[in-house]
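Report on the following structure.
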Protein chains: 2
Amino acid sequence: MGVIETKKVRARRAVKPSAADVRALLPLGRILDGDCIEAMRSLPDNSIDCVFADPPYNLQLGGDLNRPDGSEVDAVTDHWDQFDSFRAYDEFTRAWLAEARRVLKPDGALWVIGSYHNIYRVGAILQDLGFWILNDIVWRKTNPMPNFKGTRFTNAHETLIWASQGEKARYHFNYRAMKTLNDELQMRSDWVLPICSGGERLKENGKKAHPTQKPEALLYRVLLATTEKGDVVLDPFFGTGTTGAVAKRLGREWIGCERETFYRGVAEKRIAKELPLDESALTTMQAKKSAPRVAFGSVVETGLIPAGSKVFDKKRRWTATVRADGSLDCGGQVGSIHGLGKELQGAPSCNGWTFWHYENGGEVKPVDAARDLYRLASED
Amino acid sequence: MGVIETKKVRARRAVKPSAADVRALLPLGRILDGDCIEAMRSLPDNSIDCVFADPPYNLQLGGDLNRPDGSEVDAVTDHWDQFDSFRAYDEFTRAWLAEARRVLKPDGALWVIGSYHNIYRVGAILQDLGFWILNDIVWRKTNPMPNFKGTRFTNAHETLIWASQGEKARYHFNYRAMKTLNDELQMRSDWVLPICSGGERLKENGKKAHPTQKPEALLYRVLLATTEKGDVVLDPFFGTGTTGAVAKRLGREWIGCERETFYRGVAEKRIAKELPLDESALTTMQAKKSAPRVAFGSVVETGLIPAGSKVFDKKRRWTATVRADGSLDCGGQVGSIHGLGKELQGAPSCNGWTFWHYENGGEVKPVDAARDLYRLASED
DNA sequence: GCCGTAAATGAATCCGTGA
DNA sequence: CTCACGGATTCATTTACGG
């Protein structure tokens, strides 16, 4: 930054409050009344970590369709025109997605769930707005409703789109937690989960409280995968509050928008009963990269792999001498554990921690094992 | 229809040739050279029963990608997949979909396959053009490429859209054949199939002939579900001709468009080798049967025991022909592997999996062995 | 030829941080 | 903004090869 402050720079500084200031303005743990586009307008820019949205699917639910200017769309008649209806739905979609984009932090994430009736429109529009699709996820229902007439395939899935603010955005993904959740295999883009039923299904006077209540397992996976403890999750179509309930359980903050008084009441009661998981239950498997960084030099320094000892690759094609500063020497070729491994193999890159091995008590181990020991020893 | 003929009515009649006349104009069993939009322009209106399209996905790849072992991923960087912008891709999509709509019969069907990179744009545009989505189908890959950097979910599926010409169109769906193929359960919108590899994958000079060859089992299910014997199937992005090969095998007529001379050559060679299944194998279940559940259809579909092959009991008292939907035909007597075995023996029940045998490399095995192979191949 | 191990490969929008 | 560099990261399946 230069010494001279232009008006522009001052202005930018003036309107950009700190993250803590912005957070203090947020109505955490509250369900905002009214149309979600209006409600989101009351939230500050760049303040939300994750938006999860379950917008209306059905083009014939005209009551859900409002133009950005607030006027109602008259789409539902027996001879409603399909193209007018799509246009109205697109306008509505563009409006709420634009607001979601504004309130999302630059590294925040958007999730939308839909079916073939609406998801292609939603997906195209969010791409047009600049969102960058990271994955689409298929929720494969174990117990879908059959196609009673036998005229089509059983519609046994719904689609979720996961998107960042843009191609370069540094979105959040708890890779390790997902892999652990999936029995030590990478979590795939198809999720097999039952529909919401039984005790989980909210009822009022014996009737289901909401026609499209989502299973908590679905939100659980979404929030565990792409948010951190303490993150703020916004659900513009809150309904009976599945997003809020799971967010609270997982130690995330939440904000909802819902214009139906009945649903707000059901959701508030529901979330009040929810208890957050305790700290230890919330702890997930951490990626190595988020563990404290350890230089190979430290491992040498502490004598776990002393200077002067030999390291070698698994097949013993190369052997190198450890030098006092943590660099390696292989017949005159010198470099870091990573750089030298890369050079010797002629590879595009090399993780020296797993490439090089050392002998300890007659046992051959990757030098990564020594790093683990170092981390254990320096943990307080 | 009124009695008075307006000019308009006469004109319409004059340019509307009979179905047989139109069909006579079609280049059946030929691959049209050049751009698919141009090529489709040479086809008459309302002449095609089914369009299957595997358009470019418009992948927007960054630099090189290396596996953890250092090897390089062979990416799809072909010129035909490059577009300058979403706008350019949309224009292209609108153009070919409009031509497809024109050549399709009023009750014809459209299938398009894609990934999250392009499918939302394709889906929205085809809705804008008036197509009516009947289902979206998820092809869940048993063996997708992993996400090597651990940055996202493993992209383990692709999406197919099945659409009719409009809401009121009387499209074709072989419900019973699908149900038979799926263990006497309604066929769902998620299909579990392996990617195309091994002997099915076409190679030239030891290298894969086409970067995105689709598995035949996928086309098999598409064509069996939504076309009849003798129907005309058009594939505007013919590539190495999977659609043509499966169409020929299933007794459907086909037309392809392909602008790459190399792909056309590979496809022609491939389809020439293909043999149509015989009449009995092609006859699918028409009548509802009260047979026990059978998963035999999957074994047939994947080619472990291909339609048209013979199965027999251990003592070779009876021999039956396997039909496309997984039912058996023994001299006109037809049924599931269990039901027919029971009938022939006059037994109170029969486990078809152990009763029927097939020959594989000179070895006789119970068909249960093929089911084991299928399970291995499809995980679950 | 058979068996066990190693190498190859598939529509992929595939790193993060600090200077 | 770029550049440098530390270092994190893979599943199912087929084919090739060595003994």
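Proteins come first, then strands; the chains are lettered A, B, ... in the order of their sequence lines, and each starts at number 1.
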Quiz item: How does DNA chain C look in dot-bracket form if you count Watson-Crick and G-U pairs under 3.5 Å, write [ ] for pairs that cross, and put | where a base pairs with another strand?
Solution: .|||||||||....|||||

Grab the [atom1]-[atom2] distance between [X] and [N] for me, whole Å please.
{"X": "B:Glu158", "N": "C:dT13", "atom1": "CD", "atom2": "P", "result": "10 Å"}
{"X": "B:Ile119", "N": "C:dA11", "atom1": "CD1", "atom2": "P", "result": "16 Å"}
{"X": "B:Asp74", "N": "C:dG10", "atom1": "CG", "atom2": "P", "result": "6 Å"}
{"X": "A:Asp136", "N": "C:dA11", "atom1": "CG", "atom2": "P", "result": "16 Å"}

Return no unless some side-chain N or O of [X] is found under 4.0 Å from OP1 or OP2 of [N].
{"X": "B:Asn155", "N": "C:dT13", "value": "yes"}
{"X": "A:His338", "N": "D:dG6", "value": "no"}
{"X": "B:Lys208", "N": "C:dG10", "value": "yes"}
{"X": "B:Ser71", "N": "C:dA8", "value": "no"}

Look at [X] together with [Y] and state whether they make a salt bridge at an N to O cut-off of under 4.0 Å.
{"X": "B:Asp190", "Y": "B:Arg188", "result": "yes"}
{"X": "B:Arg67", "Y": "B:Glu72", "result": "no"}
{"X": "B:Glu204", "Y": "B:Lys269", "result": "yes"}

In whole Å, what separates the [atom1] atom of [N] from that of [M]?
{"N": "D:dG6", "M": "C:dA11", "atom1": "C1'", "answer": "31 Å"}
{"N": "D:dG7", "M": "C:dG10", "atom1": "P", "answer": "32 Å"}
{"N": "C:dT13", "M": "D:dC5", "atom1": "P", "answer": "30 Å"}

Quiz prompt | Syn/anti state for D:dT10 [syn: chi within 90° of 0] | solution =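 Anti for D:dT10; the angle lies over 90° from 0.
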
Quiz item: Contact class for A:Lys315 (heavy atom, under 4.0 Å): base, sugar-phosphate, or nothing?
Solution: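 Sugar-phosphate contact only - A:Lys315 comes under 4.0 Å of backbone atoms but never of a base.
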
Exercise. Look at the side chain of B:Lys214 against the base of C:dA11 and say whether a donor-acceptor pair falls under 3.5 Å; ignore hydrogens and angles.
Key: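 Flag set: donor-acceptor pair detected.
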
Practice problem: Can you run down the side-chain hydrogen bond (donor to acceptor under 3.5 Å, both in side chains) pairs that involve residues 87-96 of chain B, sequence neighbours left out, and say none if there aren't any? | Solution: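 Non-adjacent pairs meeting side-chain hydrogen bond (donor to acceptor under 3.5 Å, both in side chains): B:Tyr89-B:Asn118, B:Asp90-B:Arg121.
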
Exercise. Quickly, which of A:Ile133, A:Thr226, A:Leu97 forms a side chain to side chain contact (heavy atoms under 4.5 Å, CB included) with A:Leu110? Name it, please.
Key: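 The passing option is A:Leu97.
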
Practice problem: Taking the six-membered ring for Trp and the single ring otherwise, decide whether the centroids of B:Phe92 and B:Phe83 are under 6.0 Å apart. | Solution: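 Distance test on ring centres: under 6.0 Å, yes.
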
Quiz item: Which residue lies toward the 5' end of DNA chain C, B:Thr151 or B:Cys196, if each is placed at its nearest nucleotide?
Solution: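 It is B:Cys196, whose closest nucleotide lies nearer the 5' terminus.
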
Polar atom pairs (N or O), protein with nucleotides 8-11 of chain D, under 3.5 Å:
from	atom 1	to	atom 2	distance (Å)
D:dA8	OP1	A:Arg371	NH1	3.3
D:dA8	OP2	A:Arg371	NH1	3.4
D:dA8	OP2	A:Arg371	NH2	2.5
D:dA8	N6	A:Ser349	OG	3.1
D:dT9	O3'	A:Tyr175	OH	3.3
D:dT9	O2	B:Phe148	O	3.3
D:dT10	OP1	A:Tyr175	OH	2.6
D:dT10	OP1	A:Lys179	NZ	2.4
D:dC11	OP1	A:Gln186	N	2.9

Quiz item: In terms of side-chain heavy atoms, does B:Glu216 have a donor or acceptor partner in B:Thr242 at a distance below 3.5 Å?
Solution: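 B:Thr242 and B:Glu216 do not have a side-chain donor-acceptor pair below 3.5 Å.
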
Practice problem: May I ask you to establish whether B:Arg140 and B:Trp191 are in a cation-pi arrangement, using a distance under 6.0 Å from NZ or CZ to the six-membered ring centre and at most 45° from the ring axis? | Solution: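 Relative to the ring axis of B:Trp191, which defines the angle, B:Arg140 lies outside at least one limit.
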
